[in-house]
Amino acid sequence: MPVYEFFCRKCQEPFTENMSIKEHDERTPKCPRNHEAKEVEKRISSVHTVTTKKSLTY
Ligand SMILES: [Zn+2]
């Protein structure tokens, strides 16, 4: 299962979450300190981004 990176605006801190690709598309998790999902931004981890872009290019 991929690990996704998120950023909580309230905490001003990034955190990671294990979730399926489908879950990631459908929802944003609450932060570890239980702030609402609307305060959380999705961040695409650089490792996964590079891998995806490469596989699309070739
Ligand atoms: Zn938070």
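Atoms within a ligand are numbered from 1 in the order they appear, just like the ligands themselves. For clarity, every value in this text was computed on a predicted model and none was experimentally measured.
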Sub-2.8 Å protein N, O or S atoms surrounding the Zn ion (ligand 1): Cys8 SG, Cys11 SG, Cys31 SG, His35 ND1
Residue set satisfying ring pair (Phe, Tyr, Trp, His ring centres under 6.0 Å) with Phe6, at least two apart, ordered chain then number -> Phe15, His24
List the atom pairs, with distances to 0.1 Å, where a side-chain N or O of residues 27-40 and a protein N or O form a donor-acceptor pair under 3.5 Å, not counting sequence neighbours.
unit_1, atom_1, unit_2, atom_2, d
Arg27, NH2, Glu23, OE2, 3.1
Arg33, NH2, Glu13, OE1, 3.1

With the 4.5 Å side-chain cut-off for hydrophobic clustering, are Ile21 and Met19 part of the same group? yes
Point-to-point distance, once rounded to the nearest 0.5 Å, from CZ of Arg9 to CD of Glu41: 4.0 Å
Roughly how far, to the nearest 0.5 Å, is the CZ atom of Phe7 from the CZ atom of Arg43? 5.5 Å
Please identify each residue that fulfils side-chain hydrogen bond (donor to acceptor under 3.5 Å, both in side chains) with Glu26, with sequence neighbours left out. Lys22
